[in-house]
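Some notes on the structure that comes next.
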Amino acid sequence: MYIRHLQVTDFRSWDHVDVPLEPGPTVLVGQNGRGKTNLLEAIGYVATLSSHRVANDAPLVRQGCERALVRTAVVNEDRELTVELEIAAGRTNRARVNRGAVGRPRDVLGILRTVLFSPEDLALVRGDPAERRKFLDELLVQRAPRYAGVRSDYDKVLKQRNALLKSAGKKRGDDPYAASTLDVWDDHLSKAGAQLLAARLNLVADLAPHTAEAYAGVAPDSRPARIAYRSSLGEALPEGYGEPGGERTDPERLAEVLRLALGESRAAELERGVSLVGPHRDELDLVLGDTPAKGYASHGESWSFALALRLGSYELLRGEAGGEPVLMLDDVFAELDKRRRARLAEVALGAEQVLVTAAVDEDVPTELTGVRFAVAEGEVTRD
């Protein structure tokens, strides 16, 4: 899989730009603040319908404009599809494939797959659990696009259930109507949550060995790294779920376990007005040796773990059906020592297409120079 052409209009700092691309390494060089990262962000948005830098779409639209346009031509096994996204902050986004409208923007998911490593990835190790849940869910959707709908359904049910918990908790005494209504929402949440939880558990089981191997490659002198899924179900989670080589998760069985847990936690949930059990409360544990990476890993170890998560994701996706993902490396070589740079360059050389950004040529390993573009104020030119 590779991107043959990228066009953006009124996206971030860009008024309009067309960039022809080709397989192999492509390097975009320019001073900071010239829009290099914005171009990779636009590509990543096509793949995930989200930004790796902001939580909503508003900052993606150039100041003073009503909408932004991103168009990519994606080639996968000799078949080319053109994906166009219209991003309108505060309004419904629109999508087209080969100039034909699709029902929902998420219908384009799966056409382009990407793995992006950027300075923001330190948050995967040092940030809140929400950062790691987002990482899992975005990887999950790239692996199987239908889970975008599963996640959306879960979020809607969770919002409705939390609203009911908050209103019912304010009332004194028993409220039979609220109790029966909560039973209904417990059923909805357990079914939607079980689908998402099962997919995450299977994903972590498959991703774990790739991550451990990648970490050993970039930090061979460090303690071994491992990842593990920590569910809010605690000991109620069936044994072996989410573990490499363990049992594949059964959503129906998980729905039953989740429904029981919701019932047991209802009193506490009514008191606090929020749902205390479900995938929204889960965590991806990152462990070095016998200690958590968060709070204990050095700066170099944190960078290595973040890189290992991305390289592990890349190896996982490239080994499955759907097309090898485009690898994007956003201004990261300057942050890595010689060993980590060499390992990352080695992986990148094997990619069908790798896009690299850097402030200066010297930051990029010589073997990745490939096609070079100079990014200046408002223009991209090929050297």
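- A donor-acceptor pair is defined here as one N or O able to donate and one able to accept, closer than 3.5 Å; no such pair exists between the side chain of Glu86 and the backbone of Leu69.
- Between atom CG of residue Leu276 and atom OG of residue Ser232 there is a gap of 9.0 Å, rounded to the nearest 0.5 Å.
- Side-chain heavy atoms closer than 4.5 Å link hydrophobic residues (I, L, V, M, F, W, Y) into clusters, and following such links, possibly through other members, connects Val371 to Val380.
- For Ser275 (side chain) and Val277 (main-chain N/O), no donor-acceptor pair under 3.5 Å exists by modelled atom type.
- No side-chain heavy atom of Arg161 sits less than 4.5 Å from a side-chain heavy atom of Leu164.
- In this structure, CG in Leu284 is found 10.5 Å from CZ in Arg133, a value given to the nearest 0.5 Å.
- Put simply, CG on Leu109 and OG1 on Thr48 are 8.0 Å apart, with the number rounded to the nearest 0.5 Å.
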Exercise for the section: Could you give me the CA-CA distance, side-chain angles and deciding distance for Leu60 and Glu41, then say whether side chain to side chain contact (heavy atoms under 4.5 Å, CB included) is met? Expected result: CA-CA 9 Å; Leu60 305 182; Glu41 185 179 23; 3.3 Å; yes
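- Side-chain atoms of Asn202 come within 3.5 Å of backbone atoms of Thr249 as a donor-acceptor pair (strictly under, hydrogens ignored).
- Nearest heavy-atom pair across Asp331 and Ala358 is OD1-CA, 4.0 Å.
- Ionic pairing of Arg310 and Asp121 is present here: one or more N-O contacts between side-chain nitrogen and carboxylate oxygen are shorter than 4.0 angstrom.
- In summary, Arg223 and Glu301 engage in a salt bridge, as defined by a charged side-chain N under 4.0 Å from a carboxylate O.
- Residues Leu237 and Leu254 form a side-chain contact, since some pair of their non-hydrogen atoms from C-beta on lies under 4.5 Å apart.
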Exercise for the section: Would you check, one step at a time, whether the test side chain to side chain contact (heavy atoms under 4.5 Å, CB included) holds for Arg106 with Leu49? Expected result: CA-CA 7 Å; Arg106 71 175 185 233; Leu49 297 184; 3.9 Å; yes
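- No donor-acceptor pair under 3.5 Å is formed between the side chain of Thr26 and the backbone N or O of Leu355.
- Remark: Glu346 CD to Leu311 CG distance equals 10.5 Å, nearest 0.5 Å.
- Under 3.5 Å, the side chains of Thr82 and Arg99 contain no donor-acceptor pair of N or O atoms.
- For CZ of Arg94, the number of neighbouring non-hydrogen atoms (other residues, nucleotides, ligands) closer than 6.0 Å is 12 at most.
- The main-chain N or O of Glu352 is found under 3.5 Å from a side-chain atom of Glu324 such that the two form a donor-acceptor pair.
- Side-chain polar atoms of Thr37 and Asp330 form a donor-acceptor pair below 3.5 angstrom.
- Hydrophobic clustering keeps Tyr2 apart from Val354 (ILVMFWY residues linked when any side-chain heavy atoms are closer than 4.5 Å, directly or through intermediates).
- Surrounding CZ of Arg226 are at most 12 heavy atoms belonging to other residues, nucleotides or ligands under 6.0 Å away.
- Within 6.0 Å of atom CD in Glu213, 12 or fewer heavy atoms from other residues, nucleotides or ligands are found, so the atom counts as exposed in its surroundings.
- Salt-bridge formation is detected for the pair Asp15/Arg62: a Lys NZ or Arg NE/NH1/NH2 atom is positioned less than 4.0 Å from an Asp or Glu carboxylate oxygen.
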Handout entry: Verdict with supporting geometry, Glu315 and Arg318, salt bridge (charged side-chain N to carboxylate O under 4.0 Å, His left out)
Key = CA-CA 5 Å; Glu315 294 297 338; Arg318 75 186 302 194; 3.5 Å; yes
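- Counted by atom type alone, Glu138 and Ser50 present one or more donor-acceptor pairs between their side chains at under 3.5 Å.
- Looking at Val97, Val326, Val108, Leu112 one by one, the single match for side chain to side chain contact (heavy atoms under 4.5 Å, CB included) with Val74 turns out to be Leu112.
- Between the side chain of Thr211 and the backbone N or O of Leu207 there is at least one donor-acceptor pair closer than 3.5 Å.
- The closest donor-acceptor contact from the side chain of Asp155 to the backbone of Ser152 lies at 3.5 Å or more, if one exists at all.
- For Tyr154 and His280, the side-chain atoms include at least one donor-acceptor pair closer than 3.5 Å.
- Ion pair Asp186/Arg266 flagged as a salt bridge, since at least one NZ, NE, NH1 or NH2 atom sits closer than 4.0 Å to an Asp/Glu carboxylate oxygen.
- With rounding to the nearest 0.5 angstrom, the OG1 atom of Thr92 is 13.0 Å from the CZ atom of Arg104.
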Return all side-chain donor-acceptor pairs below 3.5 angstrom for residues 193-200, not counting sequence neighbours, or 'none' if the list is empty.
unit_1: Arg200; atom_1: NE; unit_2: Asp137; atom_2: OD1; d: 2.9
unit_1: Arg200; atom_1: NH1; unit_2: Tyr229; atom_2: OH; d: 2.9
unit_1: Arg200; atom_1: NH1; unit_2: Pro279; atom_2: O; d: 2.8
unit_1: Arg200; atom_1: NH2; unit_2: Asp137; atom_2: OD1; d: 3.4
unit_1: Arg200; atom_1: NH2; unit_2: Asp137; atom_2: OD2; d: 2.9

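- Of the N and O atoms on the side chains of Arg53 and Asn38, at least one donor lies less than 3.5 Å from an acceptor on the other residue.
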Practice task
Go through the steps to decide whether Leu262 and Glu269 satisfy the test side chain to side chain contact (heavy atoms under 4.5 Å, CB included), and finish with yes or no.
Solution key: CA-CA 9 Å; Leu262 289 171; Glu269 289 182 328; 4.0 Å; yes
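- Remark: Asp187 engages Lys191 in a salt bridge, criterion side-chain N to carboxylate O under 4.0 Å.
- Closest approach of Pro105 and Asn93 over heavy atoms only: CG-O, 3.4 Å.
- Atoms CG and CD, from Leu165 and Gln160 in turn, are 11.5 Å apart once rounded to the nearest 0.5 Å.
- Relative orientation of the Tyr215 and Phe305 rings is tilted, given thresholds of 30° and 60° on the angle between their planes.
- The backbone N or O of Ala334 lies less than 3.5 Å from no partner atom in the side chain of Asp363, so there is not a single donor-acceptor pair.
- Formation of a donor-acceptor pair under 3.5 Å by the Arg113 side chain with backbone atoms of Leu317 is found in this model.
- The main-chain N or O of Ala268 is never found under 3.5 Å from a side-chain atom of Glu271 such that the two would form a donor-acceptor pair.
- Crowding of Glu66 atom CD: a count of heavy atoms from other residues, nucleotides or ligands under 6.0 Å not exceeding 12.
- Here the side chains of Val218 and Leu336 are not in contact, with every heavy-atom distance at 4.5 Å or above.
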Practice task
Test salt bridge (charged side-chain N to carboxylate O under 4.0 Å, His left out) on Glu22 and Arg4 and set out the steps.
Solution key: CA-CA 5 Å; Glu22 56 191 67; Arg4 186 185 60 78; over 6 Å; no
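- Applying the side-chain contact (heavy atoms from CB on, under 4.5 Å) criterion to Pro59, with sequence neighbours excluded, gives Arg12, Val54, Asn56.
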